[in-house]
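Working notes for the structure below.
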Amino acid sequence: MPELPEVEVLRRSLEPRLLGRRIERVQVLSPALREPLDRRALGRLAGRRVTRLRRRAKYLLIDVEGDSTLIIHLGMSGRLTVVPHAAPVERHEHVAFHLAGRGGKGRLRLVDPRRFGLAFALPTGRLATDRHFAHLGIEPLGDELTSRYFKQAARGRRGPIKSFLMDAKIVVGVGNIYASEAMWQARVHPRRSVARVSMATWQRLRDAVRGVLGQAIEQGGTTLNDFTDGEGNAGYFQVSLAAYGREGEPCARCGRSLRRLVQGGRSTYYCPGCQR
DNA sequence: CGTAGACCCTGCGCGC
DNA sequence: TGCGCGCAGGGTCTAC
């Protein structure tokens, strides 16, 4: 479900609703996620106030007092929302953080039908070396992402540009939707080998990745099915998608019919006319 | 070492 | 109406 823009939109929407509020109680309703929920570790968050919300790659990081961090990953189908204290438990609600403080009682809940998501707690200082984060590449919206970085990272690699863009060891946050969008924007064919990308094209790809992710954040993310921010609002970047999910529709740039192909078991959408 | 494919799981829309 | 199939925004592990 969520790529970097959706997690960032979620972070921004939750920030005013969580900052300074206290987690009164942690309720694990259904521990079966990608990694089983650890009742004891999550329970230790109880009694602490939220001090900061951050994002790394597609992970949401909720820092609390006492140098602990709650880490949430939404997988494909996760939804994290603040609901009224008395809201009925939803199907596939895995964990609920009962909140007190400004705004009265409430609950932050993680609902995840497909169970590819994660929720765990760590001492804040241990994040960088934790196995979930240790091997992640650079953030795409920071200063480090340059055409030179891309070129350097591609040295000695084979394989298609799409896999490269989606490889979190290179650059994080680019998932299946925004990979198609960035390649369309940069006019690069998804099967193009990374060994055959010129510096000018690396520059176009770099600009396209940043541009697409940035615009998607501004527009509240992409809601294809069920993405919402922390208040339950859908995004509207889906109306701006140029390629993803548009097989058979005319390319907005050249008019050719957009096509779908499968790479690594996942759909890629592209224009056979203007992507080379 | 890098890369390709299988796999984890539920739900939805489609064609029959 | 019911059923089977393909597909879905993530990441990790195994086999080459």
Side-chain angles (χ1 to χ4, degrees), chain A residues 1-10 30-37 55-60 71-80 90-94 110-120 130-137 140 152-184 190-195 209 212-213 215-217 219-229 234-248 260-269:
Chain A
M1 171 220 270
E3 304 182 31
L4 183 150
E6 289 71 35
V7 180
E8 180 59 25
V9 166
L10 177 66
S30 169
L33 284 181
R34 196 167 94 216
E35 296 165 15
L37 296 183
R55 178 192 57 73
R56 171 72 172 119
K58 299 171 187 169
Y59 294 87
L60 180 67
I71 300 116
I72 304 276
H73 193 291
L74 299 180
M76 290 280 255
S77 59
R79 272 174 31 233
L80 187 67
E90 194 171 316
R91 188 166 157 77
H92 302 301
E93 182 169 335
H94 291 274
L110 177 62
V111 174
D112 185 2
R114 291 180 71 182
R115 299 192 235 145
F116 293 160
L118 292 172
F120 60 102
D130 180 74
R131 65 193 162 85
H132 298 90
F133 303 99
H135 304 294
L136 291 180
Q152 175 74 14
R155 267 181 31 157
R157 270 183 72 113
R158 303 188 314 276
I161 186 68
K162 191 205 186 193
S163 319
F164 179 84
L165 292 177
M166 289 182 67
D167 186 343
K169 293 195 286 299
I170 309 287
V171 61
V172 299
V174 182
N176 206 39
I177 294 180
Y178 298 112
S180 280
E181 291 303 301
M183 290 182 294
W184 182 88
R191 285 211 187 104
R192 169 90 74 93
S193 163
V194 293
V209 165
V212 163
L213 297 179
Q215 276 193 20
I217 291 170
Q219 297 183 36
T222 297
T223 300
L224 291 183
N225 222 345
D226 51 7
F227 168 72
T228 68
D229 69 12
Y236 49 97
F237 191 70
Q238 61 278 8
V239 303
S240 304
L241 294 175
Y244 187 86
R246 299 200 183 278
E247 182 181 17
R260 182 178 84 95
L261 60 80
V262 176
Q263 295 175 285
R266 323 198 56 184
S267 293
T268 309
Y269 298 86

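Lettering follows sequence order; numbering is per chain, from 1.
Rounded to an integer number of Å, the gap from A:Phe133 CZ to C:dT12 C1' is 15 Å. As a whole-Å value, the separation of A:Ile217 CD1 from C:dG9 C1' is 15 Å. Between A:Leu261 atom CG and B:dA4 atom P the separation is 13 Å, expressed in whole Å. In this entry the distance linking CD1 of A:Ile177 with C1' of C:dA8 reads 10 Å, nearest Å. Atom CZ in A:Arg131 sits about 8 Å away from atom P in C:dT12, given to the nearest Å. Look at CZ on A:Arg155: it is 17 Å from P on B:dC1, rounded to the nearest Å. Spacing between atom NZ of A:Lys58 and atom C1' of C:dG10 amounts to 6 Å, rounded to whole angstrom units. One interatomic measurement links the two molecules: CG of A:Asp167 to P of C:dT12, which rounds to 11 Å at whole-angstrom precision.
Aromatic stacking is not marked for A:Phe116 over B:dC9, as the cut-offs of 5.5 Å for the centres and 30° for the planes do not both hold.
Here the nucleotide nearest the side chain of A:Arg260, chosen from C:dC7, B:dA4, C:dG11, is C:dC7.
Considering only heavy atoms from C-beta on, A:His94 stays 4.5 Å or farther from A:Val111 through its side chain. Between A:Leu10 and A:Arg55, the closest side-chain pair of non-hydrogen atoms is not below 4.5 Å.
Using the six-membered ring where Trp is involved, A:His132 and A:Tyr59 have ring planes that are perpendicular, over 60° apart on the 30 and 60° scheme.
Helical stems involving DNA chain B, defined as 3 or more consecutive Watson-Crick or G-U pairs under 3.5 Å, span B:2-8 with C:10-16, B:10-16 with C:2-8.
By the 4.0 Å N-to-carboxylate-O rule, A:Glu90 lies close enough to A:Arg79 to be salt-bridged with it.
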### Message
Evaluate A:His73 against A:Glu35 for side-chain hydrogen bond (donor to acceptor under 3.5 Å, both in side chains), listing each step before the verdict.
### Response
CA-CA 11 Å; A:His73 193 291; A:Glu35 296 165 15; over 6 Å; no
### Message
I'd like to know whether A:Thr222 forms a side-chain hydrogen bond (donor to acceptor under 3.5 Å, both in side chains) with A:Tyr178, so could you lay out the CA-CA distance, the side-chain angles of the two residues, the decisive distance to 0.1 Å, and finally the verdict.
### Response
CA-CA 10 Å; A:Thr222 297; A:Tyr178 298 112; 2.7 Å; yes
### Query
When you look at A:Gln263 and A:Thr268, which way does the side-chain hydrogen bond (donor to acceptor under 3.5 Å, both in side chains) test go after all the steps?
CA-CA 7 Å; A:Gln263 295 175 285; A:Thr268 309; 2.7 Å; yes
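Listed for the A:Ser193 side chain is a donor-acceptor partner under 3.5 Å among the backbone atoms of A:Ala195.
Side-chain contact annotation: A:Ser240 with A:Gln219, donor-acceptor N/O pair under 3.5 Å present.
Residue A:Gly175 is in sugar-phosphate contact alone, with no base atom involved, counting any heavy-atom pair closer than 4.0 Å across all strands shown.
Of the two residues near DNA chain B, A:Gly156 and A:Gln263, the one whose nearest nucleotide lies more 5' is A:Gly156.
Listed by chain and residue number, A:Arg157 satisfy the side-chain hydrogen bond (donor to acceptor under 3.5 Å, both in side chains) test with A:Asp167 (two or more places apart in sequence, or in another chain).
Contact check, A:Arg266 against C:dA8: no side-chain N or O comes under 4.0 Å of OP1 or OP2. The phosphate of C:dG11 (OP1 or OP2) has a side-chain N or O of A:His73 nearer than 4.0 angstrom. Contact annotation: A:Tyr244 reaches the phosphate of C:dG9 (side-chain N/O to OP1 or OP2, under 4.0 Å). In terms of phosphate contacts, A:Ser77 brings no side-chain nitrogen or oxygen within less than 4.0 Å of OP1 or OP2 of B:dC9.
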Taking N or O atoms only and anything under 3.5 Å, show me the protein contacts with nucleotides 10-14 of chain B, one pair per line.
from	atom 1	to	atom 2	distance (Å)
B:dT10	OP1	A:Arg115	NH2	2.3
B:dT10	O4'	A:Pro113	O	3.4
B:dT10	O3'	A:His92	NE2	3.2
B:dG11	OP1	A:Arg91	NE	3.1
B:dG11	OP1	A:Arg91	NH2	3.0
B:dG11	OP1	A:His92	NE2	2.7
B:dG11	OP2	A:Arg91	NH2	3.4

